[in-house]
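All residue numbers in this chain count up from 1 along the given sequence. Both ligands and their constituent atoms are indexed starting at 1 by order of listing. Scope of the values below: all heavy atoms of this structure, side chains included, with no hydrogens, waters or symmetry mates.
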Amino acid sequence: MPGLSAAPQEVPDLQAFILQLQTALQARDFETYLAAFAPGLRAAQRDSLDLIFDRLKMETVALHLANKGSLDPQQPRGFVQAVYQNPYSAIIETWQLGLEPAPGGWLIKDKIVRGNVSQLYKIKLPSGPPDRVDAVEVRHIDIRLAFRNALVFYDNVPGLDTALLIIGEGSLVFSPSDPSESHQLSLTHKSPRLQDSVSYAFIRCSPSFFGRNISIQKKPGPAKAPASKAEINLAASLFRKLGSHYFTIQTPLSAEPLSFVPQGDEAAIEFQGRKTGELSYVYSPFANEEVILYNRTRGLFVNFYSPAPEKDKRRLFVSFGQKSNVESYEIETAFEPENFRLSARARIQVLANVDGLDSISLKFNPSLEILRVYDSQRRELFFTQDSGGRLIYVYFLEPVAARRRMTIEIFYRGRLVPPPQVNDAITAGQQSETVVFMGPRYETYFYSQSAYWYPAPPEEDFFTARMKIIVPPGYTSIANGRLLEEGTLNGLQRVTELDKAGSDYAVYEIGTPVRYLSFLVGRLSLTEEGLAGSLPLTCYVASDVRWLRRNFLEDTRKILAFYQNLFGPFPFDNLRIVQRLWQSAGGHSPASFLVVNELPRRTDATGALVPLVPSPNSPVDLSHWKDYFLAHEIAHQWWGQGVTAATYRDQWLSEGLSQFAAALYLRSKHGEEAFSAILKKFSKWTGKKSRWGEITLGSRLSYVDFEAYQAIIYNKAALVLNMLRDLMGDERFFAGLRGFFARYRGSTASTGQFRAAMEAAAGRGLADFFDPWFNSHELAEVRVGRTVDRSGETSVIRIRIDQPGRPFVFPLWISWKGADGAARREKVLVEQKNQEFEILAPGPVRDVVVNPDKAVPGGFNAKKG
Ligand SMILES: [Zn+2]
């Protein structure tokens with residue numbers, strides 16, 4: 001009798017089957033290849049082979065099976081990445097194959113091809129003898145480059161105009177149509193328009209840009225001298241240097257970089273000016289601000305704007321929105337402090353906002369190596385890297401429908417030294433004595449937004465997260481959110497390759513959406529624990545701090561109570577404070593924890609060790625008043641974390657509001673005289689640095705002049721907020737702030753949205769106030785006339801205000817002393833170019849001062865009469 005059960009069906013080897021397909025294609029044995037398909041599919045497959053091999057002239061094929069270990073026996077499917085290449089281009093396709101077992105392997109029942117990545121090019125230059133031409137002109141919006149008697153080198157891709165190198169004597173004129181941008185040019189390059197001679201230009205652009213914006217003139221006549229060996233070598237070396245700056249990606253599937261063809265009117269033009277150095281002009285029609293001028297020699301973003309004629313068109317792009325949202329992270333990372341090595345697995349949940357979402361881009365530090373990317377079915381995903389843009393692109397095997405979620409998992413590792421802290425960094429005074437430092441050892445490792453230590457969404461997404469951080473014994477880690485679990489790993493708990501027996505681990509979870517993730521590792525001791533209301537507070541000190549240990553708990557409670565009253569509830573469910581040693585004073589404040597820096601000690605003239613102090617010349621430092629740093633950093637939990645700046649131009653919503661919050665707290669703690677001194681310091685620095693740009697130039701100012709960035713984004717913004725408070729009155733002003741915070745909590749906000757919230761609270765329009773103070777680098781220039789008349793028992797103080805330049809709206813304090821010597825003050829509202837005020841005061845008055853705290857920045861000059 002035959003056996004009751006059939007012999008177990010052998011599952012054919014899918015990997016071997018895919019390899020057979022590859023061998024057949026490679027050998028152009030199309031009949032063998034087509035025989036692997038069901039008969040009904042063969043005609044269409046033959047057409048696609050014609051397209052790829054005959055028309056697109058591909059020469060090599062590589063097939064990579066993505067789902068090696070996960071074949072569903074009920075419904076067998078293969079996911080394949082097909083890479084076709086020839087000397088100048090590549091095509092990368094994703095195939096989804098429906099399969100059924102067949103004698104000797106498999107039969108393909110259906111095949112869906114997704115061209116996730118369209119044709120890519122291996123651009124090379126020079127590719128042949130260049131043209132010697134009479135004139136070349138490149139003209140676009142506000143820029144013009146013109147060459148005479150130039151050599152023109154074309155790329156190696158037949159029939160595609162996307163790259164061009166011009167060498168010769170050229171001239172450049174760049175004249176931004178935006179007045180604020182030409183002001184920036186005046187500051188950085190000493191002229192509102194850039195005029196220079198240039199020696200070359202390398203252009204990468206879309207074929208339509210090439211056709212419309214580049215003209216090449218060659219007079220008929222006898223052939224001109226061919227290019228010399230030296231000229232050809234120069235072209236080759238320029239291309240090596242510039243060729244992969246823009247529109248180029250790296251992928252593990254290709255040994256050499258691959259280029260996209262720019263879309264729409266996209267273009268990047270790189271050139272070298274005789275005086276100005278190496279510059280890049282980049283036009284991105286799909287960006288919020290389309291024009292960028294970058295000075296590569298100085299590492300400086302000079303201009304970044306929307307040219308005037310584009311302003312109406314720009315609105316079209318807003319409605320596109322983001323194609324996807326990152327919703328949550330689950331990160332497991334092992335960190336080795338002694339060599340800065342990070343090994344991690346990040347599981348990222350993404351929500352599709354559009355139908356057919358086929359890829360996602362993430363910001364990521366190019367010095368970390370990506371090992372593998374998987375989807376939720378553990379199928380390996382194809383990815384590309386744009387190291388210049390610090391981006392990775394991950395391509396899905398199956399498109400995701402709108403409102404559906406998908407999870408990707410990225411394994412990565414590498415050495416990552418924490419980058420220097422940019423915000424809230426105040427250098428130590430007495431820099432020249434750095435050499436006598438007692439060789440401080442900094443024993444904390446802090447990774448935050450600027451480290452790009454995990455694959456982060458490029459847009460200002462908000463997401464929740466769970467992070468497991470594994471560190472060697474003796475180290476402690478702090479991250480965003482609540483501590484769910486901590487302990488020491490034993491051999492049995494090993495879940496992934498990251499779990500090393502004997503290591504300590506901690507799991508943090510943040511359920512309130514945040515904008516970025518941070519963690520700090522160090523030898524930390526718990527110093528204080530307690531509650532502020534119902535909010536758990538935990539304080540740690542790092543091993544390197546030693547003699548400078550401070551107690552933060554009580555002051556933190558007071559600051560939190562003060563801010564909750566002004567701004568609304570604390571936005572997260574706990575707060576941790578880490579005190580550590582660092583080379584700059586200040587701190588940093590990621591969601592739900594803050595890091596307070598102490599400066600190391602130095603040896604003084606007598607040989608004694610004394611702590612360094614923050615530089616007295618810092619524009620932002622108010623540490624003369626105790627608790628400044630703590631108050632500024634805690635304020636960031638509301639301003640910067642709870643609500644985030646929508647763009648770099650709105651950076652003051654983080655720094656200006658935090659600085660103002662700290663000033664208000666210091667006023668409540670140290671009194672009105674302290675507040676007046678703080679306003680005067682803000683005003684002095686605003687006067688000194690204001691010309692560098694308007695508040696809405698935002699973090700760009702930090703590239704140009706770091707002190708100007710601090711003076712304008714922290715201090716001028718704080719002064720402007722204080723004027724707004726005087727203008728609206730405390731009750732309406734703080735109601736406006738609370739309303740703004742409640743509305744935009746857990747999302748981004750712009751300067752315009754802030755204005756609208758304050759207008760709602762003020763019950764009036766505030767454009768006259770906002771526009772000059774936020775959008776201009778100018779300050780109020782005021783002539784003040786002042787008389788005091790006695791009329792019986794009353795004095796009449798008459799103030800006349802004239803603003804010969806641009807009129808500003810501002811509340812203005814006038815102070816005087818009465819007969820008893822007591823100080824009095826009154827506020828008036830200046831709303832016009834020329835205005836007169838009368839203040840009636842009982843008895844005689846003396847020492848009349850206009851703008852006594854210098855709370856209105858600018859020039860107040862006495863006028864006779
Ligand atoms: Zn700050």
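Among the candidates N715, L721, I678, L719, the single residue satisfying the side-chain contact (heavy atoms from CB on, under 4.5 Å) test with Q659 is N715.
Between W582 and F446, the distance separating the two ring centers is not shorter than 6.0 angstrom.
Remark: the Q641 side chain and the Y516 side chain contain an N/O donor-acceptor pair separated by less than 3.5 Å.
Each protein N/O/S atom under 2.8 Å from the Zn ion (ligand 1) was counted, for a total of 5.
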How far apart are the C-alpha atoms of M723 and F769, what are their side-chain angles, what is the distance that settles it, and do they pass the side-chain contact (heavy atoms from CB on, under 4.5 Å) test? CA-CA 9 Å; M723 286 192 280; F769 175 82; 3.9 Å; yes
Might you work through the salt bridge (Lys or Arg N to Asp or Glu O under 4.0 Å) test for E598 and R550, ending with a clear yes or no? CA-CA 10 Å; E598 300 292 346; R550 291 186 188 171; 3.3 Å; yes
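Remark: E655 engages H632, H636, Y714 in a side chain to side chain donor-acceptor pair (under 3.5 Å) (not counting sequence neighbours).
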